[in-house]
Amino acid sequence: MDEFVHSLFFEAKDLTSKEKEKIRRYFQIKRESGGGECGNIEKVGNNIYKISFKDKEVQERVLQKKQHVVSLPDGEQCLLTVTSSPEGPDQPSTSQFQACAKGNTKGLEKIFKPDVFLLYYLRDNPKANKLLIKQLEIIGCTVDLDFDEEEAVVRGDIEKGPGGASGGAAEKWELQVDQVFINLTDRYLCHHVFDQKEIKMLLQDSSFANDDIIVYKESGYAVVVGEVNDVNEKIAALEKNLPSRKTVPFVEKQFKLVEEEFDRETRARFPEVKILKGSEAIILEGPDEEVQSAAAKLDELIKKIKEKRVQLSTPLLTFLTSSGAIAKYRTRFQQSLRNPVSIDVGVQLVLSSLSSDALDEAEAALSRDLSVVTVQLQGAAAVPPDLDRVKEILNKAKNDANSSELRVDVSFIPGPSGTTKVRLVGYSEIVNQLKEVLHDYQVNHGATQEVLNLPNPELVDCFDKILDLIGMKRTKVTLTASQFPNPCVLLSGPRCHVQEAKQALTAALASLTYSTLTLDGPGPQRYFQTDGKVSKELVESSCQVIIREKQSVHSPNVVPRPRSISNTPSIALSTGLSSTASTSVVNKPGIKLIPGSLEDEQVNVLVVPMLGKQLRSTKVGSSLWTKAGDKLKSNFDSAAANCVVAPGDVLQVDGPPSLGCSKIFFIECLPWDGVRGKSAQALSNGLKTCLDICAQKRFSSVALPVIGPGIVLKFPLREAVQVLTNSVCQFGLSASAGSISNIHIVIKTGYPDSEECYHRVFKQLSSNMNQGGQAIFRPLTSDLDDVTMTMGGGVKLQLVFGDITNETTDVVVNSTDFTNFDCDGVCKDILTVAGPEVQALLEEANVSRGEFFVSEPGQFHCKSIFHVCGEKDAQVIEELVCSIIETCELSGFQSVAIPAICAGTGQLDPGVVAGAILRGINVSTSSGHLQSLTDIRLVLIKINVFLAFKEEAMQMFSTAVHNKASSPWLRSLPPLPPKPQPQPSVTADLSMLHTSSASQQSVFQFLGLSKKEVDDAMEKLKNQYQAQCLTQVFKKEELLNLTHEDMQDLMHLLETEGLHAKMDSHGSLTVSGLKDGVSQVMQMINGAVKSNLERKMTVKTEEDLYSRVAWCILGQSGNWERVPKTANRRLENKDVAAGIVDTQGILWRVNLLTMEATTSVGQKTKLKRLENLGDFTLPLYWDSMTADEGMKVVTLDPSTAEYRTVKEAFKRTVTQAVMKIERLQNVHLRRTYEAQKKHIADKNGDEGGAGEMLLYHGTTKDNCDSIMKTGFNRSFAGQNATHFGHGTYFAANANYSAQHTYSRPADDGSQLMFVARVLTGVYTQGHKDMKVPPPRNSQVPHDRYDSLVNATNNPSIFVVFHDNQAYPDYLITFK
């Protein structure tokens, strides 16, 4: 809706847009036109224009001045006459003035209608009148001013005017007259004043009007007339001095704070401004400039108001609100402080003021005036009935104080266990008065409790006897002896009585005499607790003493040692005999391989690599920092601040709460600089230090990543694994290994080499779990161990982390799309083994969605292959699994191996695939109708896929029977068979006796009224015990007949009988104590001497047999392990009815017919017997050989762990199918190889030893037999180039040796490759002209390097120059 509705009209000729805007601006200016807010100018008719105003008052002011002169943009003056309607009076269109011209041939007349007040001015101002007359006379004219008609009439004579009566004279005359009046209106201004205040000032100001300016007063307005500049100057001065009025809203609370300052400032700086205060605003009146300045000053003062929040307790805030104190403080702070201060109470107390000092004064006043005090009531005053009396007294005092107003409040707060607190809130003076009332009651009337400390804890238990001994009188005070928080007596009762009792008891206790009697061994205490108890009580009563038995203590000159046999230092007593007792694995560390992230481990210690003492220098450190945040960085910086670390040093950092560890050990590492460089040694030293510190500080668990094979340190994976596993195994051999329970080795998942890393670590550790026939670790476990579940109908479901091409089940399932057979994955691996015939059948197959194709196995070790396409659809996969199981059952197959269909090249999420396959198995087995099919194996080659299947299976089959493949080894050990006859120890365990009762003493504390009574009692007690004792000395020779078990039994006997045992410097043992106990020791030692001869014979027999015959058991890792010597003898003698115990301490039942062993939980394994040759000990993984067999070739069974291990290492770099793997057993070659191995190991010492490695050597059928029989012959060097020296070449990766250059295919396309044991020793860079390795030191030319390599920092090719420096271990036939 248009807001400009009050319109006026005027006439003008064709105004341009600029001219219209100029006129509009004129009508906006009140001083010039009387106008104000207006709209745009609109044309409403022929030369008629409209302008509209917002206010009616403005319209009327403009109409009062009917004629308006406006300067247009081109400088021309325009005279406008405004009307209230478009039908205005007829005006000549030839003139811009309201004028009319009439005349005849000689005389002319023209009428002008200027502003009437201009006419008055021309009349009243002689100067203006004279000027007008003079200007008209020049053009021959006169003028008459007609005030009635409000017009000026100009008359002229053409003949008298300039130019005479020539043609066009009238027109020229008229123009001349118009110009005179235009100049007149430009020179003079009629300014209308409508504001009554302005009018009043005009009329009152005598200096305003003068000879040149005249003020005309009309009804309701005034008009100022004069020359333009003079009038404008006078009007500007008038408006400047015109009084102004401004309303300023305010907040009452804020204005009160600044009111005084504002009044002072206004009086000083703006004296003409008046201040009128309303309820919500103030009005400022006076000169406009001063009014605006005063308003600005008020705003400035309000902005300067400061706030201060005072922290008061909730009770005080409540008191302030409820007591009415806020109003009192508001009044007080407005009047008595240097500046007013306001006070408000909400959640907090807020003070406001212009002055910081005033705020501080107000806060200080509140703190001084108000207080809250909490008093803990003591003793009986805290509970009824005393509590009721306290309440009565305090409430009366409170009511007296609050008689006129609320000045204090009292609250009683119940607490735990019958305690009560009193809270006093209010004005400090009154609070203190009530506090004194309460204090007075507690001091003079309340019950109290005092504590008297006792000199030692033993007095607590016999305190009642002490009271009887000292004759303490019973009073109203209760005496209670307590051990907490320290040995003391609690005295409770009326305060005055308690103080008296405490003083009396203190004096009595101080008069007692204390003494201690110490007797050797724990026997005295045990005797006087049992048979000698009555005798001790007689001594107490007869001597008036109290006898207390203190806990048995160790003799101060004997340091107790651990009782573990393996950790006990021993005296070297050479007997020439060794023990065959198996070492228990209970105190050995357990190793677990964990695929995952180090930062998720929950162990005592995390081991982390670092570079340059920087937390985030490696990915492992960055991952820890990401999870733990700034707390880890703070701990790290604190630990690193004042220390210098060298490569191999360990920085110990406290673990933050967000990580599941107590400590983080950072190893300072170096980037890879070669096998013999400093980097490998630094890492090895660091790992050793970490494990040693864990053992020293008794940390039970530690997690280690595989350090090195990353973008920062750049270790070859093989070398990183070698350093880690060597360090762990060396620690396992140390005496302190048993202090760590669990060693976690974390394999980071999600990397291309994660699986290879896992297999390398597992292989290295599993082959070193036993050393010298003894277990150094508990069985190796992993989150990737096989998981077995019993499904419906007894069907066994197994999750297996491995390669499906190693499976020997009846049926193997192949996942394929029936199109692409060359893409890496399960399909390519299976078809490579099965052969081209199977692939050809598959290429011709036409299979519909949801169906599968059955083929012959070809060369695969199974009965049939089922080829399926999962279509990347979980529903299709589930249906296929059901069909596979149904077909196996109908065909009479007993076992099937299934891969993760579509989880590889199909790129389906492993969790989705796992759910589909397991649902299919669940559906097919839940009916229980399966009769033939008993085993379903899900074979999963990727770590993340196996873990997804495992998680899904555990959730889906939560009620099924689960067990990991390793679980039988981890269960509680079954009962052991009868102890084998042990042999004496190589080192006598006599030092164990130092930790027995030999270092213990029986201590008796005597308490009496006098020293004489105490001494008499001590002597009587000592004599009574000695009368029951016996002492016996045993010679060293007798003790040497004791075994470990005998020594433990002896220690147990000494302890149970409380005997004292002491060994002298000659090894003789003196045993003293009660007679019965000493007699039992004599019988035991004599029995040990008698059975010693029998044990020696058994030991000799076992030692002799152990050197000739090796009975082995197939370990969990797939490696053959020797059984202990006792088990070896029993197996050889077929004395196995009670079973045998292996090096892990596990009991096995034996079937010598099938050469199998079984645990009590059903775990089965194989046995074998090796008979060593006269001068050669067969390796444990060989098959037995007769004396006349110099060489034996054994074809490995694909189902064995040995086959899988060799194949998996080969397949890491080679895609061809393995046709056959043969183990080569050449006694002569192996004997010379072992001799060379010892020679190199002895020569190199700490520089890496023999450096034995499993490497590859490609060969041909022509050379194969020769190498198998006579070994590698360097005489043939040069057949396939000699880039790095004239020796025999071996490769670290099988794909290098598989090249046709080295392994030339036979006519049927098959190739041959040896897996060789190679002694690389200390190596250096090779060159083609080297016929032998160069010297290691120019000063010792005969000491040469052991081998040459293609690159010392990460070698992949090795060259050796001694034929017996390499042994052909396996022969692989592949195609």
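Heads up: numbering here begins at 1 and tracks the sequence.
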Has [X] got a side-chain atom pairing as donor or acceptor with [Y]'s backbone, closer than 3.5 angstrom?
X    : Y     : value
S482 : C488  : no
E450 : L490  : no
T530 : R526  : yes
N604 : V702  : no
S638 : N635  : no
Q544 : E1013 : no
T506 : K502  : yes

Which atom names give the shortest non-hydrogen contact between [X] and [Y], and what distance separates them?
X     : Y     : answer
V539  : V545  : O-CG2, 4.2 Å
C543  : K1020 : SG-NZ, 3.8 Å
C643  : L651  : SG-CD1, 3.6 Å
L1059 : G1073 : CD2-CA, 3.8 Å
Y514  : L509  : OH-O, 4.2 Å
K1011 : T513  : N-OG1, 3.7 Å

Trace of the side chain to side chain contact (heavy atoms under 4.5 Å, CB included) decision for V1078 with T1031: CA-CA 7 Å; V1078 176; T1031 299; over 6 Å; no
Within a strict 4.5 Å, meaning less than it, do heavy atoms of the [X] and [Y] side chains meet?
X     : Y     : result
I547  : L517  : no
L467  : L505  : yes
F1004 : P524  : yes
Q1032 : V1081 : no
L512  : I466  : yes
I664  : P656  : yes
K435  : L424  : yes
L1053 : D1049 : no

[atom1] of [X] to [atom2] of [Y]: how many Å apart, nearest 0.5 Å?
X     : Y     : atom1 : atom2 : answer
M1063 : F1034 : CE    : CZ    : 11.5 Å
D1076 : Q1028 : CG    : CD    : 9.5 Å
Q1024 : K536  : CD    : NZ    : 11.5 Å
E1045 : H1052 : CD    : NE2   : 14.5 Å
E540  : I546  : CD    : CD1   : 7.5 Å
K697  : K663  : NZ    : NZ    : 5.0 Å

Give a yes-or-no answer on whether the side chains of R778 and N742 include a donor-acceptor pair shorter than 3.5 Å.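 Yes, a side-chain donor-acceptor pair sits under 3.5 Å.
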Over 60° means perpendicular and under 30° means parallel, so tell me whether F528 and Y1025 are parallel, tilted or perpendicular.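 Taking Y1025 first and then F528, their aromatic rings sit tilted (interplane angle of 30° to 60°).
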F412 six-ring face occupied by K391 cation (under 6.0 Å, within 45°):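 K391 over F412 ring: yes.
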Option among D1015, V1014, D1016 that satisfies the side chain to side chain contact (heavy atoms under 4.5 Å, CB included) test with K1012: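 For K1012, the side chain to side chain contact (heavy atoms under 4.5 Å, CB included) test succeeds with only one of D1015, V1014, D1016, which is D1016.
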Heavy atoms from other residues, nucleotides or ligands near NZ of K631 exceed 12 (cutoff 6.0 Å):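 Open: at most 12 neighbouring heavy atoms sit under 6.0 Å from NZ of K631.
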Is a salt bridge present between E1019 and K1022, judged by a nitrogen-to-oxygen distance below 4.0 Å?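 Here E1019 does not pair with K1022 in a salt bridge, since their nearest N and O are not under 4.0 Å apart.
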